[in-house]
Amino acid sequence: MNIDRDTVLKLYETMVTIRDFETRVKDEFARGRIPGFVHLYAGEEAVATGVCASLKEGDTITSTHRGHGHCIAKGCDVDGMMAEIFGKATGLCKGKGGSMHIADVSKGMLGANGIVGGGPPLACGAALSAKMRGSDNVCICFFGDGAAEQGTFHESLNLAAIWKLPVVFVAENNGFAESTPVSYHCAIENIADRAAGYGIPGASIDGMDVLAVYEAAQEAINRARKGLGPSLLECKTYRYHGHFEGDQQLYKTDELQQKMMAHDAIKNLHETGIQQGLATAQDFDAIDARVQQKIEGAVAFADRSPYPELSELDTDVYIVAVS
Amino acid sequence: MNIDRDTVLKLYETMVTIRDFETRVKDEFARGRIPGFVHLYAGEEAVATGVCASLKEGDTITSTHRGHGHCIAKGCDVDGMMAEIFGKATGLCKGKGGSMHIADVSKGMLGANGIVGGGPPLACGAALSAKMRGSDNVCICFFGDGAAEQGTFHESLNLAAIWKLPVVFVAENNGFAESTPVSYHCAIENIADRAAGYGIPGASIDGMDVLAVYEAAQEAINRARKGLGPSLLECKTYRYHGHFEGDQQLYKTDELQQKMMAHDAIKNLHETGIQQGLATAQDFDAIDARVQQKIEGAVAFADRSPYPELSELDTDVYIVAVS
Amino acid sequence: MAVQMKTKTVTFAEAINEAIRLEMRRNPRVFLMGEDVAGGATLEHLEEDEAWGGVLGVTKGLVQEFGRERIRDTPISESAYIGAAVGAAATGMVPIAELMFCSFIGSCMDSLLNQSSKIRYMFGGKASIPMVVRTIIGGGFRAAAQHAQTLYPIFAHIPGLKVVAASNPADAKGLLTAALRDGNPVIFCEHIALYQIKGEIPEGEYVVPIGKAAVTREGKDVTLVGVSMTARHALAAAEELAKDGIDAEVVDLRTISPLDETTILNSVAKTGRLVVADESNPVCGLATHIAGIVASKGFSSLHAPVGLVTPPHSPVPFSPVLEDAYLPSPEKIVAAARAVCGK
Amino acid sequence: MAVQMKTKTVTFAEAINEAIRLEMRRNPRVFLMGEDVAGGATLEHLEEDEAWGGVLGVTKGLVQEFGRERIRDTPISESAYIGAAVGAAATGMVPIAELMFCSFIGSCMDSLLNQSSKIRYMFGGKASIPMVVRTIIGGGFRAAAQHAQTLYPIFAHIPGLKVVAASNPADAKGLLTAALRDGNPVIFCEHIALYQIKGEIPEGEYVVPIGKAAVTREGKDVTLVGVSMTARHALAAAEELAKDGIDAEVVDLRTISPLDETTILNSVAKTGRLVVADESNPVCGLATHIAGIVASKGFSSLHAPVGLVTPPHSPVPFSPVLEDAYLPSPEKIVAAARAVCGK
Ligand SMILES: Cc1ncc(C[n+]2csc(CCOP(=O)(O)OP(=O)(O)O)c2C)c(N)n1
Ligand SMILES: Cc1ncc(C[n+]2csc(CCOP(=O)(O)OP(=O)(O)O)c2C)c(N)n1
Ligand SMILES: [Mg+2]
Ligand SMILES: [Mg+2]
């Protein structure tokens with residue numbers, strides 16, 4: 001695959017944005033400024049980034065409880081995201097959803113989802129809709145290794161297969177579902193091998209290598225766009241922080257943590273970019289600086305934004321008749 | 001495999017009992033004497049019969065909406081069954097369950113189930129129970145091809161696999177889920193191929209050949225008894241009548257119906273038994289006569305039995321405290 | 001309504017079929033999916049008019065006009081296809097998902113409990129989920145515990161869902177049309193024992209507003225509230241009560257959520273007495289809900305205890321004798337009304 | 001109770017842990033399964049005392065005593081493992097299945113709606129399903145729409161289930177013990193904001209009967225009914241009301257199904273006034289159910305409209321300011337009580 005400079009820098013910027021966003025959320029949470037349950041995507045940046053890089057206008061994604069990275073990769077506004085996570089009126093969901101329900105349908109981001117396994121059926125629907133509306137749009141369904149044991153995974157893969165829906169199912173296998181290792185909860189080693197049960201392509205790839213993800217996802221996305229149906233792409237990845245903030249992660253060994261962090265996706269791309277002469281250290285530094293500013297701005301925005309009015313409590317439950 | 005005379009006659013008697021029972025239920029339904037929805041097992045006798053022949057005391061089965069055959073093969077009393085289907089107080093469930101909920105837990109028959117996909121989780125539980133109680137008992141989970149698209153199928157196979165539960169999942173692939181062909185609703189040709197997604201053995205066999213079923217099931221059951229975990233056995237079979245009584249079955253072609261009925265399991269065993277010198281026509285005739293009497297008796301029993309008292313309406317909802 | 005309309009006599013099932021047909025003609029974004037809603041998908045020998053059209057034939061014939069893309073057979077994967085309806089609704093379509101029997105909500109509850117109902121709110125009003133789930137409720141067919149439930153209290157309990165249940169063909173047509181234009185997830189409950197009941201329906205476009213109950217009989221002595229089948233039972237009971245000199249007013253709810261509290265409270269303000277007849281189970285069901293609303297918001301008009309006519313707190317039994325005893329009936333409503341009227 | 005018991009002070013979470021521990025010691029058929037209830041299954045480096053013990057640590061330490069067969073981590077397959085609990089219960093075991101948050105009922109509703117609750121009835125009383133589902137309810141943790149629901153009205157609506165929700169450590173211990181001996185499927189609801197609350201519990205075996213409410217404060221002017229967190233709010237409200245000269249009686253339901261109607265009706269017979277405070281949503285919820293029961297069976301004792309204190313008919317919002325406004329509180333109960341007392 002030919003990767004050009006623009007692609008490298010774009011992938012890098014997205015990954016760094018996610019990393020910095022999450023790192024900042026972690027800090028703000030520790031400072032007690034973020035309420036609720038927060039699940040960070042740090043470590044897994046290559047997956048959302050590599051997959052979403054091949055999406056276009058009208059494409060959609062479904063996400064999980066660990067959704068910040070998907071949002072950013074799909075182009076959601078980080079100011080609105082941070083404000084949402086702070087519970088502010090200027091948040092993407094007016095503060096009503098929070099981290100676990102952050103969404104921007106106008107950007108094709110169909111929502112983080114607090115229900116493990118909640119996404120796959122929605123993804124089938126978005127893909128069916130794209131198909132019935134005559135577009136060549138696709139839907140990406142992100143889900144964790146733990147979600148691969150939910151019934152909705154199975155039903156959705158079968159449905160997408162028999163209807164040849166333009167969905168790419170992306171398993172983010174980070175080795176754990178909460179504190180439970182995938183080797184315990186899953187009867188087989190590679191989730192991608194379940195693709196055979198639905199007669200669709202399946203592939204297991206290194207989810208810490210953004211270029212590998214980019215390449216594999218592009219193939220699956222193109223296939224879906226052409227009307228050839230769904231694929232299952234398993235990205236082996238790793239989360240750097242706890243399942244949620246507050247988790248002490250004793251179920252991880254230091255060896256594992258060090259090994260995976262040594263294989264960091266951002267560092268890898270940085271190195272590859274320079275080695276292959278596609279970008280310079282200065283290019284990357286400029287991005288780092290820009291992103292830092294952006295995240296700083298997002299926190300400031302969230303900070304100065306007001307909380308929702310109490311009148312918001314029972315609005316937005318129903319849409320007022322459209323007809 | 002060595003099949004002896006006793007086995008042949010036992011298999012034959014069970015199959016004929018099911019066939020005659022169902023034929024009679026069909027008639028009685030047509031005469032307006034059976035209320036509700038009735039799903040007949042005629043045509044599929046070899047599956048329940050061949051599988052249950054290797055079960056022993058303490059083994060359990062879970063069933064489906066099409067459960068009469070499973071009941072008979074598991075040794076339920078046909079008088080009590082017929083009375084149940086008639087809605088009588090002497091029925092196995094005192095008339096409260098009917099055809100779709102017929103059960104006899106004392107016989108290890110954990111119930112017909114009106115919910116497609118309802119059985120697999122229950123089967124995992126019965127198997128887990130057998131295992132935790134230190135027995136070598138197994139549970140057989142019968143389910144239709146249509147149920148293979150339910151999420152519970154997937155979750156249960158994975159759970160049984162990781163916990164090495166003594167379950168044999170028996171897919172009764174009769175080609176249709178209601179009027180929908182399996183070739184439409186299932187993304188792959190053989191349901192048994194899904195076993196690979198759980199790292200367990202899977203096999204597709206001729207479900208109209210009771211000896212083939214007997215043999216394959218015995219292997220899977222033995223495996224389960226030895227603590228080696230679950231298997232998935234797909235029996236390709238065919239239902240002779242409608243999805244339920246009243247169904248005109250226009251979705252079947254005459255060719256298909258004739259082809260499958262020509263391959264009748266009972267006829268096959270009759271022929272094989274005589275050809276191989278394991279039994280005589282007289283042996284079979286004697287069974288036919290005995291079974292006819294038994295079914296006649298069951299109808300008479302159901303007929304003369306009283307309906308439940310109205311005081312039964314709200315009893316049996318809760319067990320009175322046991323402590 | 002004062003407007004003159006051409007009418008015709010059809011069954012409840014036909015009225016539903018017609019509402020879907022007209023709305024699918026009008027709005028290309030509407031489509032139907034469910035198990036065997038067309039029937040026999042991909043079978044070449046099967047003529048489209050021989051296809052099932054749903055387990056009880058309610059959607060028969062639609063596939064001929066709209067084809068198998070828009071009348072879409074599904075696998076038995078309620079979680080996937082009802083969840084898919086949510087995803088499709090969020091992205092520009094107006095799906096009708098058939099959940100064959102409401103009891104099967106057990107197999108797809110998440111799509112209603114946590115997705116369709118909550119997305120709009122969780123997303124701060126920046127999404128809408130215009131979809132309809134059609135589902136069978138009710139007893140009388142000896143379908144027993146797992147097929148004869150009446151589970152709308154569970155649906156009504158969930159904010160973000162609307163819940164509708166017609167008692168006659170005209171309302172069925174008008175409410176289903178309204179549901180398909182509502183813009184919110186609407187659960188459209190069809191009582192199994194109503195499908196073959198006939199009635200007049202207006203020809204052509206016909207909308208009955210969601211959220212408005214109908215006073216189907218005026219009276220001054222007692223208010224009888226019912227919905228779906230029990231709305232009919234209430235009318236029959238009122239005729240019987242008239243013979244005793246009890247002049248009952250009958251309220252057919254038509255919509256369960258949002259509940260038309262105003263119509264109920266106005267009626268009780270007039271009559272001073274209330275009987276609620278409902279086929280759902282009694283605990284946290286619809287009957288006590290309405291009684292509770294009146295005890296809270298209409299207490300001063302109430303002159304007698306509220307009469308509740310519901311099944312017992314038990315599953316639906318199979319045996320005909322038991323099921324008959326289980327279900328609400330005009331006789332039970334009459335008895336309850338007499339009791340609250342002190343006669 | 002008059003019996004002298006040795007007591008100790010523990011948190012609500014510890015009380016639950018102890019009830020499970022004692023019952024597992026007593027009855028070898030009892031076992032626990034759920035996601036991370038032990039935690040870190042098969043990880044060799046992990047010491048058992050470092051394992052999670054449930055997402056909020058409630059079952060921490062049990063795996064050390066009982067091992068991983070009886071404290072059993074599951075995949076995220078609620079349908080399979082809660083359904084498995086039913087199958088295990090039908091065949092001689094007494095499973096405790098943890099449904100981490102009650103909202104996740106969407107992923108396994110069938111096992112409760114159509115299997116565990118109905119098997120005994122459908123099988124003519126010839127089976128029993130002795131199992132407990134432990135599940136988190138309630139708000140206050142900014143967990144938003146899909147994690148902060150209070151769904152016991154849905155459970156209570158289903159005949160065949162029992163539903164319990166303690167408000168303090170002692171009841172938690174006693175009711176969970178009772179649930180494990182009940183022989184029926186019991187849904188044991190644990191309010192997330194109660195876990196760290198401390199209270200005295202009796203040492204050793206302690207059983208609080210299912211189906212009996214507790215009058216936690218006697219009074220003559222108004223009855224305040226609550227359950228779980230709202231039972232505490234009601235007590236706090238009563239103290240506040242006392243300052244105004246309103247003498248409130250407080251009923252802590254403890255069991256939601258079967259509901260102790262007698263205790264409620266007796267109290268209302270004494271006070272003539274009723275306020276129900278409940279954290280579940282208001283339509284077909286618990287508050288109107290109780291109001292409806294009283295309007296039907298205790299009408300003659302009622303001297304004022306029933307006061308209802310519930311969240312609005314909307315999902316649980318995330319933002320702290322909104323969630324605080326959403327939840328019932330002592331202040332809201334005080335206001336409702338004043339209103340029904342005409343003060
Ligand atoms: C239906 C449901 N069950 C359980 C949970 C609780 N839960 C939240 S995240 C999680 C683990 C998810 O693991 P995985 O899918 O691998 O995603 P990861 O957290 O690793 O990204 C669990 C069990 C939930 N939110 N929804
Ligand atoms: C959850 C659920 N969905 C739908 C149905 C309606 N239904 C009853 S039987 C059936 C077809 C089942 O097909 P299959 O599993 O192949 O069994 P078969 O009838 O062929 O024996 C359907 C859709 C149901 N009972 N339960
Ligand atoms: Mg994971
Ligand atoms: Mg079939």
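Convention: sequence-line order gives letters A, B, ...; per-chain numbering from 1.
Counting heavy-atom pairs closer than 4.5 Å to chain D, the top residue among A:V116, A:I115, A:L310 is A:I115. Counting heavy-atom pairs closer than 4.5 Å to chain A, the top residue among D:F104, D:F101, D:W52, D:F141 is D:W52. Chosen from A:S179, A:G36, A:G87, the residue pairing most often with chain D at heavy-atom distances under 4.5 Å is A:S179. Here A:L313 is the residue among A:V317, A:T180, A:L313 with the most heavy-atom pairs under 4.5 Å with chain D. Chain D forms the most heavy-atom pairs under 4.5 Å with one residue out of A:G97, A:S183, A:A147, and that residue is A:G97. Ranked by non-hydrogen atom pairs under 4.5 Å with chain D, the options A:A177, A:S99, A:P181, A:C93 are led by A:P181. Your options are A:H185, A:Q150, A:K96, and the one with the most heavy-atom pairs under 4.5 Å with chain D is A:Q150. Contact count versus chain A (heavy atoms, under 4.5 Å) is highest, among D:T74, D:D324, D:L46, for D:L46.
Within the 4.5 angstrom heavy-atom criterion, only side-chain atoms of D:S107, from C-beta onward, approach chain A. Looking at D:E323, there are no atoms closer than 4.5 Å to chain A (heavy atoms on both sides), in backbone or side chain. Contact of A:Q248 with chain D is not made at all, since no heavy-atom distance falls under 4.5 Å. Neither the backbone nor the side chain of A:F153 comes within contact range of chain D; no heavy atoms are under 4.5 Å apart. For chain A, the nearby parts of D:L322 are the backbone and the side chain; heavy atoms of each come within less than 4.5 Å. Contacts of A:I85 with chain D are made by backbone atoms alone, with heavy-atom separations under 4.5 Å and no side-chain atom involved. Of the atoms belonging to A:D316, not a single heavy atom falls under 4.5 Å from chain D.
Annotation: the span from A:M100 atom CE to D:F318 atom CZ amounts to 8.5 Å, rounded to 0.5 Å. Distance check, rounded to the nearest 0.5 Å: NE2 of D:H45 to NZ of A:K252 gives 10.5 Å. Atom NE2 of A:H154 sits about 12.0 Å away from atom OG of D:S77, to the nearest 0.5 Å.
Side-chain contact check for A:E149 versus D:Y81: every heavy-atom pair is 4.5 Å or farther apart. The shortest distance between side-chain heavy atoms of D:V55 and A:H243 does not fall below 4.5 Å. Contact check for A:Y251 versus D:D36: no side-chain heavy atoms found under the 4.5 Å cut-off.
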Carefully, step by step, assess D:E47 and A:L250 under the rule side-chain contact (heavy atoms from CB on, under 4.5 Å). CA-CA 9 Å; D:E47 301 295 331; A:L250 300 177; over 6 Å; no

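In this structure, D:E65 places its CD atom where more than 12 heavy-atom neighbours from other residues, nucleotides or ligands lie under 6.0 Å away.
The two residues D:A144 and A:H101 have their closest heavy-atom pair at CB-CD2, 3.7 Å. For the residue pair D:S319 and A:Y307, the shortest heavy atom distance occurs at OG-CD2, 3.5 Å.
Ring geometry for A:F37 against D:H147 counts as tilted: the plane angle lies between 30° and 60°, on a 0 to 90° scale.
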